[in-house]
Amino acid sequence: MKRFLGFVRKEFIHIFRDTRTLVILFGLPVVMIILFGYVVSTDLKNASLAFLDLSKDDVTTTLTDRICSSGFFRKTADLSGHQDIDRILRSGKAKAVIVFGENFGRELESGKKPRISIIADGSEPNIATLVTNYATAIISGFTQQPTLTNQSSAPVIVPEVRMFYNPSLKSQFMFIPGVITMIMILICALMTSITLTREKEFGTMEVLLVSPLKPVQIILGKVTPYFLLSFVNVVTILVMSRLVFGMSVKGSLALLLAESMLYILLSLSIGILISAVAKTMQQAIFISLVGMMLPTVLLSGFIFPIENMPEIYDWISSVLPPRYFIVIIKNIMIKGTGFAHVWKETLVLAFMTAAFIGLAVKKFRIRLQ
Amino acid sequence: MNRDKVIKVRNLVKKFGSFVANDNLSFDVYEGEIFGFLGANGAGKTTAIRILTGLSEPTSGEVMVAGFDARRQPEEIKKNIGYMCQKFSLYEDLTIRENIMLYGGIYGLDRNTIRERTGQLLDKLRFSEYGDRLISSLPLGVKQKLAFAVAVFHKPKIVFLDEPTGGVDPLTRRQFWEMIYETASGGITVFVTTHYMDEAEYCDRVSIMNEGRIEALDTPAELKRLYNAATVEEVFVKIARPGANSKKENADNNRIV
């Protein structure tokens, strides 16, 4: 045990003396959270709009104010004629143009259907969809106000929509669990595979193997510091998401931390396996980045919903550990569900961990022959 | 020689599939001896060392190291040997003291013993003021001497040196060999492989491997007499390059050294 502790201590020295390791270990998570939280936001905020108002009456002015005061839009230009629409969209000064037809207010008050159109820049489909959806919602909300239409003919059916669990549809709620999922597997797999192949490359592994330390002790000794530091990382990210984005854990924190530990363990065992296969640090980095990061981002359901993928990608993603952890962490963090709803995913992760550790041990033995 | 045998190998065979890496090796190494283990690249030296250090299991044969069976008690062997390999084996980002502390701890020495011996060691090497310097800041020759000192720090019965002087200047090599002599006179057996044939002359006894077999084993003087050669290098070349060797006239001429 004393031998083992001395060995763990040495690994901590390695980590804290190497700036690059420290940056990846502690800088990367913070940067990622801030990047995904602020930059890669799918919410609509202050999208630029241009208006072509052909009627210029009280109603259109009120409606324009209503749209611009919603927080989603800001007015960047008033157009004078249809010929300007193409020009302003091309120049990129507006994401969409709202056109009020002639006599808008009078037609609305007299119960006729006034003409209004939204012309959006379709070269950015996501933004165009968001802009038209948001604008349509504001406009239809406005025109259905009873004070404006004094006719009470056919009742209009308007479903009352409420978003459970994430009422304001903040995209950070989707990204933070995803970032935790991605960072953990990336850091754990990458760092352990690097630190183990480094010993191989520098020849110190041979000396360790000839020493009375058992192979299991060597691996555990190298991995333990990363386990602890990754756990610290999870806690840091949770605290950050609380302080910066106001996202608290709805469900049991203890359960979330326990599941995180399982996931970290799984990621570490993947790292060990990579190090058993890779001969050099470069190889280890390549396998970790290309083999782990890309599939995690693209196929785990982190950004793109698995439900929309062709079936074959669904199969591929079913062997990726992040896919299951993302379900677990979203359930606990956002919905506040208990273990009863995530036990299946937990079981899959536990099984994968056992399989990877088994495989890594076997690989390690073969190498010793 | 009537000294105790610290390594005893009988009919050692190691096969990888159909490839025979060690073909029926038998030899003894005596306590306090400097034993040179020579052979061309691919002759099977590394395989033999891996078996002697408990890293690899023999296919058949008897191997006793420091009184323990390599097949059944590799863990006991590991506690009683030191090892230094071709590649540099200290951690560059640790200081001298930290490296010594680490390896001392791995070999189960307690803190006080480590501290005491570290002081003696640094004094002897005249490194006292460098104890807290990172290994990466030291010149190669110093690192190499230090690596050797660390390999025998826990006072093992045998120390295995796998090409310890690769890439080191002649002066440092000489100092290095002085350290080896001192170690051996202290009762620690030195088992050393090298590509420098002048170093082979410094050994008490030398074995020369070729194609998985030990072709010759004796004192340097006796080998030179037997093979009618002026230097061990000549002996080595005669053995490793068949056709030039009267003993092995029937050997396959396609072999490449």
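Per chain, numbering begins at 1; letters A, B, ... match sequence-line order.
- In B/Phe27, the CZ atom is crowded: over 12 heavy atoms of neighbouring residues, nucleotides or ligands sit closer than 6.0 Å.
- A 6.0 Å sphere centred on CD of B/Glu75 holds more than 12 heavy atoms belonging to other residues, nucleotides or ligands.
- Per-residue heavy-atom pair counts under 4.5 Å with chain A were compared for B/Gly54, B/Gly108, B/Ala151, and the maximum is reached by B/Gly108.
- Side-chain contact between A/Lys10 and B/Met101 is absent, with no heavy atoms from C-beta onward closer than 4.5 Å.
- Both the backbone and the side chain of A/Phe7 come within contact range of chain B, judged by heavy atoms closer than 4.5 Å.
- Here A/Ile13 contributes atom CD1 and B/Thr95 contributes atom OG1; the two are 7.5 Å apart, rounded to the nearest 0.5 Å.
- Only the backbone of B/Leu90 comes within less than 4.5 Å of a heavy atom of chain A; no side-chain atom from C-beta onward does.
- Residue contact with chain B, scored on non-hydrogen atoms closer than 4.5 Å, involves the side chain of A/Leu208 exclusively.
- A/Arg3 approaches B/Gly105 most closely through the heavy-atom pair CG-O, 3.2 Å.
- Every residue two or more places apart in sequence or in another chain was checked for a side chain to side chain donor-acceptor pair (under 3.5 Å) with B/Arg117, and none qualifies.
- Under the 4.0 Å criterion applied to side-chain N and carboxylate O atoms, B/Asp93 and A/Arg198 are assigned as salt-bridge partners.
- Within the structure, salt bridge (charged side-chain N to carboxylate O under 4.0 Å, His left out) pairs that include any residue of residues 94-103 of chain B comprise A/Arg17-B/Glu98, B/Arg97-B/Asp132 (at least two apart or interchain).
- Few gaps surround CZ on B/Arg133; more than 12 heavy atoms of other groups in view lie less than 6.0 Å from it.
- At a 4.5 Å heavy-atom cutoff, B/Asn99 makes no contact with chain A through either its backbone or its side chain.
- Contact count versus chain B (heavy atoms, under 4.5 Å) is highest, among A/His14, A/Arg9, A/Glu206, for A/His14.
- Heavy atoms closer than 4.5 Å to chain A are found in the side chain of B/Tyr103, but not in its backbone.
- Open room surrounds CZ on A/Phe351; 12 or fewer heavy atoms of other groups in view lie less than 6.0 Å from it.
- Atom CZ of A/Phe12 has more than 12 heavy atoms from other residues, nucleotides or ligands within 6.0 Å.
- For B/Leu94, the parts sitting under 4.5 Å from any heavy atom of chain A are the backbone and the side chain alike.
- For the salt bridge (charged side-chain N to carboxylate O under 4.0 Å, His left out) condition, the pairs that include at least one residue of residues 219-243 of chain A, sequence neighbours left out, are A/Glu11-A/Lys222, A/Glu199-A/Lys222.
- Scanning both residues, B/Tyr107 and A/Ser211, for their nearest heavy atoms gives OH-CA, 3.5 Å.
- To the nearest 0.5 Å, the span separating NZ on B/Lys78 from CG on A/Leu209 amounts to 6.5 Å.
- A/Gly203 approaches B/Cys85 most closely through the heavy-atom pair O-SG, 3.7 Å.
- Contacts with chain A (heavy atom to heavy atom, under 4.5 Å) involve no residue of residues 138-150 of chain B.
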